Amino acid sequence: MMLIRPPRFVSPSPRPGPREPRLRRPLDASRIFSSPRPPGRRSRPRPQLASPSTDLRRLTARIVDLTRRRQLAQIMEEVEATRRRVRGGGLLNTIVMNAVLEACVRCGDVDRALRLFEEMRGPNGCGVDGVSYGILLKGLGIARRIDEAFEILESIEKDSSIGSPRLSPHLICGFLNALIEAGDMRRANALVARFRKVLYEGHSVLLYNLLMKGYIKSNFPLGALTVKDEILRQGLKPDRLTYNTIISACVKSAEIDKAIRFLEDMKEEANKESNPELLPDAVTYTTLLKGLGNNRDLYSVLNIVVEMKSSLISLDRTAYTAMVDALLACGSIDGALCVFGDIIKHAGKNKDLRPKPHLYLSIMRAFATRGDVDMVMRLNKRMWPDSVGAISRAAKEEAHELLMEAAINNNQIDLARGLLRQIVNEKECFSWTSRVGLVAVKVESLSGFTNSLLTPHIFPQIILNDPVEKYMVPFQESRPLPADLILRKAVMRFLKDRAVPLVDDWGGCVGIVHRDDCTKLDAPLLSMSRGPPLCVPTSTTVEHVIDLLLREKSEMVIVVKSGNMYEGSYTSSSRPLGVFSLAILWSFTGDYDSSESDIPDAGTSWATRPKQDA
């Protein structure tokens with residue numbers, strides 16, 4: 001029998017026995033009643049409470065995010081919750097409240113912004129600074145409350161404002177930009193003249209760029225060229241934004257030659273000063289392409305497209321879309337398809353280049369005009385998986401309308417009728433001057449009234465050239481109501497009639513109340529009328545009256561004596577003779593028997609004739 005020695009350096013395992021207890025620290029009183037720690041598990045570190053400054057930074061970022069989404073109610077709710085949580089109803093700092101103030105201005109609630117501003121600068125508020133005043137001035141400018149904004153500026157100039165803000169270009173430029181966005185160049189120039197000394201601090205071209213944008217907004221784009229002369233006179237150098245604004249002004253005024261000349265000056269100035277910041281960017285070329293497309297200058301458009309692709313600028317989705325739109329405007333569908341193919345190819349690597357539905361619809365319009373039904377169908381099918389962004393209901397409807405237009409231009413009448421039937425079932429109404437209306441007219445003219453899909457109203461008993469006096473209802477038979485009558489006392493009348501005339505104490509018609517405008521039960525009827533009533537003389541043709549009712553979206557017109565008024569105006573001295581409404585017009589629809597000669601003579605009212613059974 002062999003004996004195996006244990007390996008060297010390995011000690012024999014000790015015999016199991018009772019373990020000696022480890023020495024522990026004495027427990028303090030706070031740990032006596034705590035639950036014992038499970039064996040083998042480490043204690044987790046206690047989470048540290050976030051400092052109040054960190055919470056306020058997160059709240060500010062949250063407010064900025066909600067402001068982009070125009071969720072003002074959610075912002076105010078979270079701010080109130082934070083106020084209750086911070087120090088038991090304590091105050092928020094000025095940075096957070098400035099973000100809330102900006103949210104009120106962005107969402108268009110200037111009255112709430114004013115209340116918040118008064119709360120901030122009150123004795124229990126967090127205080128205001130120059131940013132607060134700048135935001136409030138911008139909001140007052142957007143709301144067109146110019147006098148209040150000038151009062152605040154004068155108080156700042158006199159050092160009588162709380163917070164001791166200092167007049168600075170940044171403080172005034174927000175208000176100036178709001179005036180310019182509204183196209184109010186008269187007050188914008190007055191503001192510049194009043195605070196010229198403050199605005200010219202630092203000799204920046206920012207002020208001049210704002211003024212040039214204002215001239216473009218006010219439909220006087222060539223005024224921007226005079227601002228450029230002033231920049232050069234002051235010894236300042238135009239930047240890229242200055243040139244882009246000038247080129248935009250030239251494009252808007254259809255001065256394309258001047259725009260191209262400024263583009264060459266821009267490149268020459270950049271090469272002379274070795275300043276790459278002056279070179280044209282995507283905005284410059286996009287603006288030029290829009291103007292060249294409007295002029296249908298295909299040669300210049302192709303030159304700009306080649307220059308854009310050979311330059312070092314990064315082309316985004318907007319730049320590619322401008323290329324396609326310009327080529328389509330010039331009639332080059334093949335060139336537009338080539339650029340569209342480049343977009344699809346580059347979009348495989350860069351998702352930001354995926355086209356929007358607008359681009360698909362632009363190309364579909366061109367092929368619909370050609371009558372290429374197959375291409376319109378393909379683009380309509382690929383628009384859903386390949387485009388980026390939401391496809392609105394209007395875009396979906398236009399795609400079906402373009403397919404119907406392509407079918408009618410290709411003489412596929414059956415397909416066009418099927419698409420028109422689908423559109424009629426989905427749409428509540430459409431205008432005859434729209435694209436679908438014009439195509440529907442073609443389909444209806446080829447189908448005839450017997451096969452009509454639109455079931456038009458036919459009025460065989462009405463001759464459009466007849467005077468309206470022949471078909472009107474006498475004014476007293478329309479049962480007018482007193483103008484000062486409360487709606488609660490006459491609410492049942494509007495269940496039957498869609499429009500009711502109103503009279504004053506002297507019997508003159510002062511207005512017409514429509515059923516859709518009756519929203520306040522305790523208000524007088526005159527307060528809910530749409531202003532003076534639509535009036536026509538007795539000699540007005542029925543055709544003109546129908547056009548007037550449809551154009552003004554009214555249910556009724558008042559017929560007065562021909563010599564008392566000019567058409568479209570009304571005076572209380574003119575006594576109303578009768579009314580003509582759409583309800584009267586609809587009463588003439590239905591089957592018409594040519595053997596019945598019951599059209600009233602001129603000078604007699606149709607309402608005085610005996611009414612037939614339905």
Side-chain angles (χ1 to χ4, degrees), residues 98 101-102 105-106 129-142 144 146 149-150 152-154 156-157 165-253 259 262-263 265-267 269-270 272-273 275-284 286-287 313:
N98 283 343
L101 200 65
E102 178 73 21
V105 171
R106 289 284 186 89
D129 54 6
V131 177
S132 309
Y133 279 94
I135 296 172
L136 186 63
L137 287 172
K138 180 176 67 174
L140 292 173
I142 294 173
R144 313 292 297 133
I146 310 301
F150 272 105
I152 293 177
L153 283 175
E154 290 176 358
I156 295 175
E157 187 180 20
R166 188 181 69 86
L167 277 177
S168 62
H170 179 74
L171 183 68
I172 302 175
C173 281
F175 179 42
L176 177 63
N177 186 58
L179 292 175
I180 287 172
E181 288 289 340
D184 193 351
M185 285 304 297
R186 184 176 62 85
R187 286 191 173 93
N189 286 323
L191 180 64
V192 172
R194 177 69 178 81
F195 299 100
R196 183 182 299 272
K197 186 176 180 180
V198 178
L199 290 171
Y200 285 168
E201 289 180 3
H203 299 282
S204 174
V205 295
L206 172 63
L207 170 64
Y208 298 101
N209 292 340
L210 286 176
L211 289 176
M212 286 191 291
K213 184 177 76 171
Y215 281 113
I216 297 176
K217 291 279 187 179
S218 61
N219 294 326
F220 183 56
L222 291 181
L225 302 182
T226 61
V227 179
K228 178 181 179 293
D229 297 336
E230 181 66 21
I231 292 175
L232 299 177
R233 193 178 300 113
Q234 294 291 335
L236 301 176
K237 293 184 178 180
D239 57 3
R240 179 187 291 164
L241 180 59
T242 306
Y243 279 108
N244 286 346
T245 309
I246 294 173
I247 291 174
S248 177
C250 295
V251 168
K252 189 170 183 180
S253 58
F262 280 116
L263 176 67
D265 294 344
M266 191 177 182
K267 293 186 287 188
E269 195 72 22
K272 184 189 299 183
E273 298 183 3
N275 184 9
E277 296 296 328
L278 272 179
L279 288 173
D281 58 355
V283 178
T284 313
T286 302
T287 308
I313 62 174

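Quick caveat: nothing in here was measured; it's all calculated off a predicted structure. All residue numbers refer to positions in the sequence shown, counting from 1.
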By side chain to side chain donor-acceptor pair (under 3.5 Å) - contacts of [X] (at least two apart):
X	result
R240	none
E157	R194
S132	N98, D129
T242	N209, D239

Rounded to the nearest 0.5 Å, what separation is found between the [atom1] atom of [X] and the [atom2] atom of [Y]?
X	Y	atom1	atom2	value
T287	D281	OG1	CG	8.5 Å
K267	L279	NZ	CG	9.5 Å
L179	L140	CG	CG	10.5 Å
C173	L210	SG	CG	5.5 Å
I142	F175	CD1	CZ	11.0 Å

Pair Y133-L153, side chain to side chain contact (heavy atoms under 4.5 Å, CB included): steps then yes or no | CA-CA 9 Å; Y133 279 94; L153 283 175; over 6 Å; no
Would you check if [X] and [Y] make a side-chain contact, meaning some heavy-atom pair closer than 4.5 Å?
X	Y	result
I313	T284	no
K213	N177	yes
E269	N275	no

Under the 3.5 angstrom rule, does the side chain of T245 hit a backbone N or O of L241 as a donor-acceptor pair?
-> yes
Taking side chain to side chain contact (heavy atoms under 4.5 Å, CB included) as the test, write out the residues that go with [X], two or more places apart.
X	value
V192	L176, L199, L207, L211
A259	I247, C250, V251, L288
S253	P221, L222, E255
R186	D184

Measure across I156 and R166 and return the closest heavy-atom pair with its distance rounded to 0.1 Å.
-> CG2-C, 4.4 Å
In terms of heavy-atom contacts, A188 and I180 come closest through CB-CG1, 4.2 Å
Solution key, residues 223-230 side-chain donor-acceptor pairs under 3.5 Å, sequence neighbours excluded:
unit_1	atom_1	unit_2	atom_2	d
T226	OG1	G223	O	2.5
E230	OE1	R233	NH1	2.4
E230	OE2	Q234	NE2	2.9

Residues in salt bridge (Lys or Arg N to Asp or Glu O under 4.0 Å) contact with E273, at least two apart in sequence or another chain | K237
K252 meets the salt bridge (Lys or Arg N to Asp or Glu O under 4.0 Å) criterion, sequence neighbours left out, with none
Applying ring pair (Phe, Tyr, Trp, His ring centres under 6.0 Å), name anything that partners F195, two or more places apart in sequence or on another chain.
-> none
Run the side chain to side chain contact (heavy atoms under 4.5 Å, CB included) check on L137 and I152 step by step: do they pass?
-> CA-CA 8 Å; L137 287 172; I152 293 177; 4.0 Å; yes
